[in-house]
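Some notes on the structure that comes next.
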2 protein chains.
Amino acid sequence: MSRYLKQTRYLVAVDSIIFGFDGENLKLLLIHRGLKPEKGRWSLMGGFIQPEEDLEKAADRILHELTGLKGVYLEQLYAFGNVHRDPTERTISVAYFSLIDIHQYEKQLSDEYHAEWVLLSEIPDLIFDHTEMVELAKKKLRYKAAIHPILFELLPEKFTIPQLQNLYEAVYDASFDKRNFSRKVLSTGLLVKQKEKDKGGSKKGAFYYQLDKGSYADKMQAFLNFIPNPDNLLI
Amino acid sequence: MSRYLKQTRYLVAVDSIIFGFDGENLKLLLIHRGLKPEKGRWSLMGGFIQPEEDLEKAADRILHELTGLKGVYLEQLYAFGNVHRDPTERTISVAYFSLIDIHQYEKQLSDEYHAEWVLLSEIPDLIFDHTEMVELAKKKLRYKAAIHPILFELLPEKFTIPQLQNLYEAVYDASFDKRNFSRKVLSTGLLVKQKEKDKGGSKKGAFYYQLDKGSYADKMQAFLNFIPNPDNLLI
DNA sequence: AAAATAAGTGTTATTTAGACACGAATAACA
DNA sequence: TGTTATTCGTGTCTAAATAACACTTATTTT
């Protein structure tokens, strides 16, 4: 039934930039390639799309294979299609990035892939154009998080304001005034205060908060200007 | 040299959403498909990528073929890869959108493609998932223009403040106070006042302005909050 | 009981946004 | 040639948002 007879076909892959936060640092989930070519080198998790599989679904599958997680935040980043990006054979790769709570990640299946969390500030050499993909993903994360409340995806369901601030400070490699920060974040109406405190972080303990799932969906688009002086922070 | 033996290969296309502005209305450049399948129906301009052609280059080529223009604003929008989006054969399409000054467009080559400018508010049925592509491009245009000074790409080199305001009003389907608008746009430091006036638009005439190319590159990222109450306008 | 630590909160000054109205320049026309 | 119609161009004031700033509270440790 193929009617586009004279055209060349190409491999199409999906690669995933998976960000995680451990309460302290931002990390990236990488694998040690077990297969040739480039065996033994660091790489993003990826795979070829299958004949009956939508792009999004392929990204979902790959994420699931590596982390065992389903239903996590996943967003298309960019299609990379330089002719020689994979020296073996021309492959167009659609990169996705996702945000997961690092503590939800169980190392179940990861041995199969030799997956490891790596500090975002200490990313090793990666194969192909994966470094470029990661750089773009970092940029987009900063960009988007300045405008939309997506960083909650990196936290557990219950989190404290200081934890949230740590996360923002890690993403922007900056520090914010905690009075202004908490006022701003609470004024969004997105957070619901819990009765329990997290006693782990300090002697006094900090109250847990939870996302108001209802308004979260609504306000996804209404979070502009979250970061002061974004001009200085966005690349 | 192909080592990924067991994988399926796919067609990869590029489709272009080409926006233009005629001083009054926003328009989209569409073609009447001359080839089967779907001959005679409206479509975005597109084509398959060639073996030695980067993605970006393919988008550039297609734009050039249709409009005769080179070096225009071109940005990757999204990769569309649903299994059955092209019923003939599975094709992954990477969509690009571009912004051109409609008056720079000469209908040189367009007869070959039966290209036509169509009002953005009156877009006909399009083949495949092209309607979805256009919707996403509209959304991204609004989104991005609220934050970055990209709409200048739709204007001639010299333009007046009222013309610029018309453009913003067309993009956001809203009207803005001209005093606040001009104060805001001039405060960016992006515009250089010219000595001549445009006498076409009014009896009094309006001064031309030109982009300060130097600061344009710098301030591409520093144009946040250009649109009042963006919450109401961004989808 | 004193000290150490991190949480939580309020005030003020500055900046920015948004609402608002009139004079100036020119062409068309009476 | 004076009057009218049209659009350009500008200034002020009020309200809201931002950012800078410091102390008290709760609790554990010593």
Side-chain angles (χ1 to χ4, degrees), chain A residues 23-24 146-147 155 158-170 172 174-210 219 222-234, chain B residues 23-24 146-147 155 158-170 172 174-210 219 222-234:
Chain A
E24 184 99 12
I147 298 182
L155 291 171
K158 292 178 182 179
F159 52 85
T160 67
I161 305 283
Q163 280 167 12
L164 184 63
Q165 184 167 353
N166 279 346
L167 171 55
Y168 272 88
E169 294 185 339
Y172 291 101
S175 56
F176 305 118
D177 182 277
K178 67 175 175 173
R179 290 160 292 189
N180 293 336
F181 183 88
S182 89
R183 176 154 21 89
K184 212 164 182 176
V185 79
L186 291 174
S187 77
T188 62
L190 280 175
L191 301 190
V192 182
K193 193 172 187 171
Q194 306 299 114
K195 281 169 189 154
E196 323 92 73
K197 279 185 167 183
D198 164 44
K199 310 289 282 187
S202 74
K203 290 163 184 173
K204 185 177 176 182
F207 281 102
Y208 280 118
Y209 284 80
Q210 236 184 308
K219 295 185 182 162
F223 206 66
L224 298 167
N225 295 112
F226 193 75
I227 298 302
N229 302 316
D231 300 3
N232 307 329
L233 298 168
L234 307 177
Chain B
E24 185 98 11
I147 297 182
L155 291 172
K158 291 178 182 180
F159 52 86
T160 67
I161 306 281
Q163 280 167 13
L164 183 63
Q165 183 167 354
N166 279 347
L167 172 54
Y168 272 88
E169 294 185 339
Y172 292 101
S175 57
F176 305 117
D177 182 277
K178 67 174 175 173
R179 290 159 292 188
N180 294 336
F181 183 88
S182 90
R183 176 156 22 90
K184 213 164 181 177
V185 79
L186 291 174
S187 77
T188 62
L190 280 174
L191 301 189
V192 182
K193 193 172 187 172
Q194 306 300 114
K195 280 169 190 154
E196 323 91 71
K197 278 185 167 184
D198 164 45
K199 309 289 281 186
S202 74
K203 290 164 182 172
K204 183 177 176 182
F207 280 102
Y208 280 117
Y209 285 80
Q210 234 183 309
K219 295 185 183 162
F223 207 65
L224 299 168
N225 296 112
F226 193 74
I227 298 301
N229 302 317
D231 300 4
N232 307 329
L233 298 169
L234 308 177

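Computed from heavy atoms alone, side chains included, the values below leave out hydrogens, waters and symmetry copies.
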Every protein N/O within reach of nucleotides 11-16 of chain D N/O, cut-off under 3.5 Å:
| from | atom 1 | to | atom 2 | distance (Å) |
| --- | --- | --- | --- | --- |
| D/dT12 | O4 | B/R183 | NH2 | 3.4 |

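The interatomic distance linking A/K178 (NZ) with D/dC21 (C1') rounds to 13 Å, in whole Å. Atom CZ in A/F181 sits roughly 14 Å away from atom C1' in C/dG8 (whole-Å rounding). A/L186 places its CG atom 8 Å from the P atom of C/dT9, with the value rounded to the nearest Å. The CD-P distance, from B/Q163 to D/dG9, rounds to 11 Å in whole Å. Rounded to an integer number of Å, the gap from OH of B/Y209 to P of D/dC8 is 12 Å. As rounded to whole Å, 18 Å separates atom P of C/dA25 from atom CG of B/D198. Spacing between atom CD of B/E196 and atom P of C/dA25 amounts to 19 Å, rounded to whole angstrom units. Atom CG in B/L164 sits about 13 Å away from atom P in D/dC8, given to the nearest Å.
Considering every non-hydrogen atom in both B/Q165 and B/F176, the closest pair reads NE2-O, 2.7 Å. Between B/S182 and B/I161 the shortest heavy-atom distance is CB-CG2, 3.8 Å. Taking every heavy atom of both residues into account, A/A170 and A/E24 meet most closely at CB-O, 4.3 Å.
The salt bridge (charged side-chain N to carboxylate O under 4.0 Å, His left out) check on A/R183 picks up nothing, with sequence neighbours excluded. Taking the side-chain contact (heavy atoms from CB on, under 4.5 Å) definition, one finds that B/K195 meets it with nothing, sequence neighbours left out. Judged as a side-chain contact (heavy atoms from CB on, under 4.5 Å), and not counting sequence neighbours, the contacts of A/S202 are A/K204. A/Q194 meets the side-chain contact (heavy atoms from CB on, under 4.5 Å) test with A/K158, A/V192, A/E196, A/Y208, A/Q210; sequence neighbours excluded. Every side-chain contact (heavy atoms from CB on, under 4.5 Å) that B/Q163 has, sequence neighbours left out, goes to B/F159, B/T160, B/D198.
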**Asked** In B/S/- notation, 5' to 3', how is nucleotides 25-30 of chain D contacted by protein heavy atoms closer than 4.0 Å?
**Response** BBBB--
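Formation of a donor-acceptor pair under 3.5 Å by the A/Y172 side chain with backbone atoms of A/A146 is found in this model.
Taken from NZ in B/K178 to CD in B/E169, the straight-line distance is 11.0 Å, to the nearest 0.5 Å.
Over its full length, the helix from C/dA1-D/dT30 to C/dA30-D/dT1 turns its helical axis through 10°, comparing axes from the five pairs at each end and rounding to 10°.
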**Request:** Any chance you could lay out the ring pair (Phe, Tyr, Trp, His ring centres under 6.0 Å) test for A/F181 and A/Y168, step after step, and finish with the verdict?
**Result:** CA-CA 10 Å; A/F181 183 88; A/Y168 272 88; 5.6 Å; yes
